[in-house]
Amino acid sequence: MRSPWADVLVELSVSGSGGGYPSDLTDEQWRLVKPLLPPARVGPKGGRREKHPRRRIVDAIFYVVRTGCAWRQLPKDFPPWPTVYWYFARWHDDGTVERVHDALRDRLREAHGRNAEPSASLIDSQSIRTADTVPAVTRGFDAGKKVKGRKRFLVTDTLGLLIAVHVVAASVQDRAGARRPLLWARLDHPRIQKFWADQGFAGRLVDWTAQILGRELDIVRKDPGQRGFQVQPKRWAIERTFSWLTAHRRLARDYETIPARSETVIRWAMIGIMVRRLARGRPATRQGPHPLVRTAARQAS
């Protein structure tokens with residue numbers, strides 16, 4: 001018979017270990033995520049008691065997202081990979097990942113002095129190469145970017161926080177693939193009145209957004225004489241979000257067999273970003289340059 005103190009001892013050993021990997025949640029970060037997860041099934045009528053602590057399951061998912069390793073390559077100090085993947089798939093199917101993500105996003109917006117519900121947002125797409133394990137029917141060729149794989153459509157707020165995500169084959173045009181995430185953003189966040197996008201979304205999509213969604217799609221155009229890279233007004237926030245995501249090796253290339261699972265990996269990456277920002281409680285500081293300091297011995301030589 002399993003002791004009722006077993007889970008408590010495991011939890012204490014996990015929290016007291018200091019975290020063996022940089023992707024592991026700290027105690028403060030785990031306190032933000034834990035109450036948002038569904039309650040564990042206990043008792044004879046609620047299924048078998050969970051064998052592995054939830055925290056190690058979440059740490060294992062973050063490890064895969066951050067390092068990009070295959071599920072089968074999880075280190076042995078995590079729970080068995082079939083168990084971790086079962087939770088990943090289960091929380092995807094029952095909507096847990098979306099609920100956790102949205103709750104943290106609302107809390108982070110309020111921490112920045114914003115309303116939990118955004119009033120303006122941005123949309124953009126990113127074409128990404130896929131692994132050889134991705135089915136051919138879910139990928140295509142983006143002739144403009146010369147990329148064979150999938151295309152990610154993101155809708156973010158002006159802080160760069162995710163509102164909606166949609167993953168399709170790279171062959172889908174921006175004007176066609178943007179309709180679904182725009183619709184989701186409109187239904188889930190009725191306070192949004194305006195979207196910003198680049199020139200690839202110009203044309204019929206602007207009229208569709210106005211007539212069907214009753215919202216404005218503002219196209220941010222480049223200066224006629226622009227040469228090379230230049231930061232675009234408003235749109236720089238969503239470009240920064242793409243850089244946040246591709247810093248996670250699991251998202252540097254698309255490995256998921258189902259596009260919907262790719263969307264879930266993106267949400268997990270954003271959950272990790274948001275819990276770090278909430279736990280830190282202040283803007284991130286980057287290390288400055290390290291000037292070369294010559295010692296007296298070197299100067300003498």
Output for pair (Leu187 CG, Leu183 CG), nearest 0.5 Å, gives 4.5 Å
On a heavy-atom basis, the closest approach of Glu110 and Ala116 is OE2-CB, 3.6 Å
Euclidean distance, Lys148 NZ relative to Ser171 OG, rounded to 0.5 Å: 11.0 Å
Answer with yes or no whether the side chains of Arg150 and Thr138 bring together a donor and an acceptor at under 3.5 Å. yes
Within-4.5 Å side-chain heavy-atom neighbours: His52 and Tyr87: no
Determine, using ring centers only, whether Phe78 and Tyr21 are less than 6.0 Å apart. yes
Hey, is CZ on Arg240 packed in by over 12 heavy atoms from elsewhere, all under 6.0 Å? yes
Which heavy atom of Arg261 sits nearest a heavy atom of Tyr85, and at what distance? NH1-OH, 2.7 Å
Note, Ile123 side chain near Trp196 side chain (heavy atom, < 4.5 Å): no
Quick one: are Met274 and His101 in side-chain contact, heavy atoms under 4.5 Å? yes
Please give me the minimum heavy-atom distance between Thr257 and Pro135, naming the atom from each residue. O-CD, 3.4 Å
Distance (rounded to the nearest 0.5 Å) between Leu122 CG and Thr156 OG1: 4.5 Å
Other residues, nucleotides and ligands only: do more than 12 of their heavy atoms fall within 6.0 Å of CZ on Arg90? yes
Using a distance-only test with no angle check, is there a side-chain donor-acceptor pair under 3.5 angstrom linking His112 and Arg277? yes
Between the main-chain N or O of Pro82 and the side-chain N or O of Arg72, is there a donor-acceptor pair closer than 3.5 Å? no
Which heavy-atom pair separates Leu245 from Met270 by the least distance, and what is that distance? CD2-SD, 3.8 Å
Same hydrophobic cluster for Val172 and Ile128, using side-chain heavy-atom links shorter than 4.5 Å among ILVMFWY? no
Going by heavy atoms in the side chains, are Leu154 and Phe242 under 4.5 Å from each other? yes
Same cluster or not: Trp86 versus Val58, using hydrophobic residues (I, L, V, M, F, W, Y) connected whenever any side-chain heavy atoms lie under 4.5 Å apart? yes
Should the ring pair Trp71 and Phe88 be called parallel, tilted or perpendicular, given that the plane angle runs from 0 to 90° and is split at 30 and 60? tilted
Nearest heavy-atom approach of Ala170 to Gly140 is CB-O, 3.6 Å
Between the CD atom in Glu117 and the CD1 atom in Ile192, the distance rounded to the nearest 0.5 Å is 7.5 Å
State, with a plain yes or no, whether a side-chain heavy atom of Trp30 is found less than 4.5 Å away from one of Asp27. no
Report yes or no: does Asp188 contribute a side-chain atom to a donor-acceptor pair with the main-chain N or O of Ala185 at less than 3.5 Å? no
Quick one: do the Arg179 and Thr209 side chains pair a donor with an acceptor below 3.5 Å? no
Identify, with sequence neighbours excluded, every residue that meets salt bridge (charged side-chain N to carboxylate O under 4.0 Å, His left out) alongside Glu263. none
When you group the ILVMFWY residues by side-chain heavy-atom contacts below 4.5 Å and let the links chain together, are Phe141 and Val167 in the same group? no
Could you tell me whether a side-chain N or O of Arg267 sits under 3.5 Å from a main-chain N or O of Val165, the two making a donor and an acceptor? no
Test item: His248 and Ile273 side chains (from C-beta on) under 4.5 Å apart, heavy atoms: yes
Are the aromatic ring centres of Trp184 and His166 under 6.0 angstrom apart? yes
Output every pair passing salt bridge (Lys or Arg N to Asp or Glu O under 4.0 Å) with a member in residues 151-174, not counting sequence neighbours, ordered by first then second residue. Arg109-Asp157, Asp142-Lys151, Lys151-Asp174
Nearest 0.5 Å please: distance from the NZ atom of Lys194 over to the OG atom of Ser121. 11.0 Å
Suppose clustering is done on Ile, Leu, Val, Met, Phe, Trp and Tyr with side-chain heavy atoms closer than 4.5 Å. Which residues sit in the same group as Val137? none
Going by distance alone, is a donor N or O of one side chain under 3.5 Å from an acceptor N or O of the other, for Gln73 and Tyr63? no
Side chains of Arg56 and Val84: closer than 4.5 Å at any heavy-atom pair? no
Separation between OG (Ser125) and CZ (Phe201), nearest 0.5 Å, reads 4.5 Å
ILVMFWY network linking Ile266 to Val147, side-chain heavy atoms under 4.5 angstrom: no
SB check Glu239 Arg235 (cutoff 4.0 Å): yes
So, do Val97 and Ile271 sit near enough that their side-chain heavy atoms are less than 4.5 Å apart? yes
For Phe195, is there any backbone N or O sitting under 3.5 Å from a side-chain donor or acceptor partner on Arg215? no
Could you walk me through whether Arg114 and Thr158 pass side chain to side chain donor-acceptor pair (under 3.5 Å), step by step? CA-CA 10 Å; Arg114 306 291 185 91; Thr158 54; 3.2 Å; yes
Any ion pair linking Arg105 and Asp102 (charged N to carboxylate O, less than 4.0 Å)? yes
Sidechain-backbone polar pair: Lys34 side chain, Arg31 backbone, donor-acceptor under 3.5 Å: no
For the residue pair Ala260 and His92, what are the closest heavy atoms and their distance? O-CE1, 3.5 Å
Can you tell me if Tyr255 and Asp132 form a side-chain donor-acceptor pair at under 3.5 Å? no
Would you check if the side chain of Gln29 reaches a backbone N or O of Thr26 as a donor-acceptor pair within less than 3.5 Å? yes
Donor-acceptor contact present, side-chain Arg186 to main-chain Arg191, <3.5 Å: no
Is it the case that the side chain of Thr83 and the backbone of Pro79 share a donor-acceptor pair, with hydrogens and angles ignored and the cut-off at 3.5 Å? no
Can you label the angle between the Trp268 ring and the Trp91 ring as parallel, tilted or perpendicular, going by 30° and 60°? tilted
Atom CZ of Arg107 with >12 non-hydrogen neighbours under 6.0 angstrom: no
Indicate if Ile163 and Leu251 have the same hydrophobic cluster label, given that clusters are the connected sets of ILVMFWY residues with side-chain heavy-atom separations under 4.5 angstrom. no
Arg99 and Thr96 side chains, donor-acceptor separation under 3.5 Å: yes
Indicate yes or no for a side-chain donor-acceptor contact from Asp59 to the backbone of Ile61 under 3.5 Å, with no hydrogens or angles considered. no
